[in-house]
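Note: hydrogens, waters and symmetry copies are ignored here, and every other heavy atom, side chains too, is used. To find a chain, count down the sequence lines: A is the first, B the second, and so on, and within it residues start at 1.
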2 protein chains.
Amino acid sequence: MTVPASRARVRRPHAVEPGARERLLCAAVELFERKGYAAASVRDIVEQAGVAKPALYYYFRNKEGILLAALELVASELDRTLDRAASAPGSARARLAGLCTLLLVESRSHASLVRVAHAVFFSPRESLPPFDFRVFDRIVARHLRRIVGSGVARGEIRAEASRLITQAVQGLVMLAVGQHVGRRRGRLSPKDMRDLVDLVFDGAGAGPRPSKGASS
Amino acid sequence: MTVPASRARVRRPHAVEPGARERLLCAAVELFERKGYAAASVRDIVEQAGVAKPALYYYFRNKEGILLAALELVASELDRTLDRAASAPGSARARLAGLCTLLLVESRSHASLVRVAHAVFFSPRESLPPFDFRVFDRIVARHLRRIVGSGVARGEIRAEASRLITQAVQGLVMLAVGQHVGRRRGRLSPKDMRDLVDLVFDGAGAGPRPSKGASS
DNA sequence: ATCCCTACCTACCGGTCGGTAGAATACCGC
DNA sequence: GCGGTATTCTACCGACCGGTAGGTAGGGAT
């Protein structure tokens with residue numbers, strides 16, 4: 001998603017570089033992730049895309065319009081990425097671990113889809129124009145349920161536990177995604193993620209459960 | 001944290017209502033949570049506090065100054081709240097469940113500290129002035145480690161599992177806190193939280209672990 | 001009474017914001 | 001060449017932004 005910024009008026013009949021619209025979209029995605037919607041100005045976006053401001057209005061209705069286009073792009077890419085993890089061969093447990101690990105690794109990359117999705121996911125409720133905020137929730141939940149569902153069908157997961165497992169893995173997803181959000185630099189490794197998914201299935205093997213009357 | 005907004009010049013020798021500074025701080029906390037820092041203007045804040053704009057500059061250096069004061073207030077309140085949960089009597093498991101449940105319940109309340117902390121915690125990295133973003137991370141982690149540490153000392157938790165448990169419960173904390181962030185309206189109940197903490201300790205009791213060659 | 005301080009105000013400033021009018025340029029078909 | 005279309009531009013607009021100059025009311029001390 002790195003785009004060469006060029007202000008030169010280079011018109012080639014068979015240009016290989018992205019057009020203005022693509023450059024604007026990529027710039028918007030990156031700036032909305034880095035600064036949030038309100039603090040990322042239209043001037044920032046067009047400067048990074050290397051075009052004049054009215055060009056943005058040629059391709060998108062307004063600032064809000066480019067946000068919506070950016071979010072649709074992010075949602076479809078995220079869906080595709082999660083689909084790969086959910087479709088991988090292996091047990092439900094391995095696929096859940098794969099999905100969490102993928103999100104962990106992806107959260108480290110520059111201007112990553114995961115981080116953009118997260119920035120929207122958790123943005124203050126009046127910081128963005130009206131938008132179906134739950135779209136990202138639903139993408140993640142759908143893939144988790146698909147994996148867990150197939151685990152139940154194959155006897156790898158008890159049906160009664162499927163809801164709790166889905167929720168616990170959602171927590172792990174949030175942990176993975178939150179590692180490099182904002183200025184945070186987490187230390188979770190892919191092996192940690194696998195161990196955490198195993199913990200969900202196997203438990204911590206805790207010490208004896210305290211009796212009801214334990215007081216010290 | 002609801003403050004009567006009043007523009008009247010009411011000077012009472014024994015006034016019982018909060019002063020301008022407190023009203024400004026409360027307004028800032030609420031608006032930063034609802035709109036984010038960039039979209040919450042100084043004019044919004046002073047209007048909600050019922051004072052003129054230069055009064056904000058009388059008490060705080062600038063917009064950034066009131067943000068820092070607000071975040072200090074939020075951090076100290078959050079620390080106090082988590083301390084109550086971590087200090088409660090009971091097993092480590094019960095206290096972890098209590099802490100997660102407290103955060104779940106708190107995330108529902110209006111302009112809650114949890115949501116403010118979260119809005120900062122996950123804000124885009126260039127959306128706020130320089131600030132130690134990790135302060136909230138550290139508050140949460142400190143309390144979790146304290147609970148888990150005492151569980152290890154009392155034999156309720158295996159020492160080798162303590163790191164993984166802390167991490168898994170951090171995921172549950174994020175799940176709890178994320179329930180009502182932005183526009184999300186989650187459906188997790190306090191009982192769900194307790195069940196999820198139990199899952200961390202006991203595991204899901206999954207179906208048989210697939211053998212390495214399992215293919216269907 | 002006068003002076004000083006605290007707390008708060010109106011009106012203003014320069015700068016930036018999102019958006020737009022009108023124009024310019026490149027390309028294609030006739 | 002001309003006209004039409006797609007694409008892109010400079011300069012401008014009104015509104016809003018964070019911050020400030022200068023001022024005032026009230027209370028306490030002298």
Asker: Would you say D:dG19 has OP1 or OP2 under 4.0 Å from some side-chain N or O of B:Y57?
Answerer: yes

Asker: Taking the side chain as everything from C-beta on, heavy atoms only, tell me whether A:D79 gets closer than 4.5 Å to A:H143.
Answerer: yes

Asker: Provide the closest heavy-atom pair for B:S127 versus B:Y37 in the form atom of the first, atom of the second, distance.
Answerer: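 Answer, listing the atom of B:S127 first, then B:Y37: O-CD2, 3.7 Å.
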
Asker: For B:R146 and B:S87, work out which heavy atoms get closest and say how close.
Answerer: NH2-OG, 2.8 Å

Asker: Among C:dC17, D:dT10, C:dC9, find the nucleotide with the atom closest to the side chain of A:P54.
Answerer: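 Of the candidates, D:dT10 comes closest.
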
Asker: Tell me whether the count of non-hydrogen atoms from other residues, nucleotides or ligands lying under 6.0 Å of CZ in A:R61 goes above 12.
Answerer: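 It does not: A:R61 CZ has 12 such atoms or fewer within range.
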
Asker: Could you state the CD1-P distance from B:I66 to D:dC17, rounded to the nearest angstrom?
Answerer: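 Atom-to-atom, B:I66 to D:dC17, this comes out as 16 Å.
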
Asker: Return the value, rounded to whole Å, for the distance between atom OH of A:Y37 and atom P of C:dG18.
Answerer: 8 Å

Asker: Find the distance A:R61:CZ to C:dG18:C1' and express it as a whole number of Å.
Answerer: 13 Å

Asker: To the nearest angstrom, how far is B:K63 atom NZ from D:dC16 atom P?
Answerer: 15 Å

Asker: Measure from CG on A:D44 to P on C:dC17 and round the result to the nearest Å.
Answerer: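 About 7 Å, once rounded to whole Å.
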
Asker: Mind calculating the distance between CZ (A:R21) and P (D:dT7) to the nearest angstrom?
Answerer: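 In whole Å, D:dT7 P lies 11 Å from A:R21 CZ.
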
Asker: Does the D:dG19 base have a donor-acceptor partner in the side chain of B:K53 within less than 3.5 Å?
Answerer: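 Answer yes: a donor N or O sits under 3.5 Å from an acceptor.
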
Asker: From C-beta outward on B:A55, which listed nucleotide comes closest to its side chain: C:dC9, D:dT8, D:dA11?
Answerer: C:dC9

Asker: Using a heavy-atom cut-off of under 4.0 Å over every strand shown, decide if A:Y59 touches base, sugar-phosphate, or nothing.
Answerer: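 Sugar-phosphate only.
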
Asker: Minimum heavy-atom separation for B:R95 and B:A86, please, with both atom names.
Answerer: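 Closest approach of B:R95 to B:A86: NH1-O, 2.9 Å.
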
Asker: Which sits closer to the 5' end of DNA chain C, A:A39 or B:A52, going by the nucleotide each is nearest to?
Answerer: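 The residue whose closest nucleotide sits nearer the 5' end is B:A52.
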
Asker: Between D:dT7 and A:Y58, is there an OP1 or OP2 to side-chain N/O distance shorter than 4.0 Å?
Answerer: yes

Asker: Nearest-Å distance, CG (A:L24) to P (D:dT8)?
Answerer: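 In whole Å, D:dT8 P and A:L24 CG are 9 Å from each other.
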
Asker: Rounded to the nearest Å, what distance is computed from the CZ atom of residue B:R43 to the P atom of nucleotide D:dG18?
Answerer: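 Taking atom P of D:dG18 as the reference, CZ of B:R43 is at 7 Å.
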
